[in-house]
S.K.: 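Take this structure, written in structure tokens, and hold onto it; I'll ask about it next.
Positions are given from 1, in the same order as the sequence printed here. Below, all heavy atoms of this structure are taken into account, side chains as well, without hydrogens, waters or symmetry copies.
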Amino acid sequence: MKKIESFCVSCGLPCLGRACPNHSGTVYYCDECGDYAKYQIEDNDYCESCAKEYIQEAFDDLTMSEKAELLDISLHEYD
């Protein structure tokens with residue numbers, strides 16, 4: 001989730017409004033838990049732990065041969 005927030009540091013100088021580099025900035029929050037986001041996956045924002053969980057679940061859903069191919073591991077199945 002993208003939010004525009006004030007980064008005002010109360011410097012004591014006359015306010016420059018939007019011209020001030022600390023006026024505002026973009027902050028991303030995790031769409032799952034609300035913590036600060038570090039990653040964007042398929043148009044959703046995720047913190048470190050939620051991104052790890054998302055990726056792990058996607059990996060767990062793969063077949064053994066798909067996992068091996070993804071990791072560039074030679075896999076041969078015995079009959």
S.K.: For residues 41-79, pull every pair meeting ring pair (Phe, Tyr, Trp, His ring centres under 6.0 Å), keeping only residues two or more places apart or in separate chains.
M.R.: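 Passing the test, one end in residues 41-79: Y46-Y54.
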S.K.: Does a donor on one side chain sit under 3.5 Å from an acceptor on the other, for N44 and Q40?
M.R.: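 On atom types as modelled, these side chains do not qualify, holding no pair under 3.5 Å.
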S.K.: Give, for atom OG of S24 and atom CZ of R18, the distance between the pair rounded to the nearest 0.5 Å.
M.R.: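 S24 atom OG to R18 atom CZ measures 6.5 Å (nearest 0.5 Å).
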S.K.: If a pair satisfies salt bridge (Lys or Arg N to Asp or Glu O under 4.0 Å) and one of its residues is in residues 63-76, list it, with sequence neighbours excluded.
M.R.: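 Counting only pairs at least two positions apart or across chains, no salt bridge (Lys or Arg N to Asp or Glu O under 4.0 Å) contact touches residues 63-76.
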S.K.: Taking all atoms of both residues into account, what is the closest heavy-atom pair of G25 and F7, and its distance?
M.R.: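 G25 and F7 have their closest heavy atoms at CA-CE1, 3.2 Å.
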S.K.: First locate atom OG of S10, then atom CG of N22, and finally report the distance between them rounded to the nearest 0.5 Å.
M.R.: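 Rounded to the nearest 0.5 Å, the OG-CG separation comes out at 10.0 Å.
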S.K.: Are I4 and Y28 connected in a single hydrophobic cluster, I mean Ile/Leu/Val/Met/Phe/Trp/Tyr linked by side-chain heavy atoms less than 4.5 Å apart?
M.R.: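 No, because Y28 and I4 fall into different hydrophobic clusters, even though each may have its own neighbours under 4.5 Å.
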S.K.: Count the heavy atoms belonging to other residues, nucleotides or ligands that lie under 6.0 Å from CD of E77, then report whether that count exceeds 12.
M.R.: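 Open.
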S.K.: Tell me every residue that passes salt bridge (charged side-chain N to carboxylate O under 4.0 Å, His left out) with E48, counting only those two or more places apart in sequence or in another chain.
M.R.: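 Partners of E48 by the salt bridge (charged side-chain N to carboxylate O under 4.0 Å, His left out) criterion, ordered by chain and then number, come out as K38.
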S.K.: Donor-acceptor pair, D35 side chain versus C30 backbone, under 3.5 Å?
M.R.: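 Not a single qualifying donor-acceptor pair exists.
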S.K.: I need the minimum non-hydrogen distance between A51 and I41, along with the two atoms involved.
M.R.: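 Reported closest heavy-atom pair: CB-CD1, 4.0 Å.
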S.K.: Which atom names give the shortest non-hydrogen contact between Y29 and A37, and what distance separates them?
M.R.: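 So the two residues come closest at C-CB, 3.6 Å.
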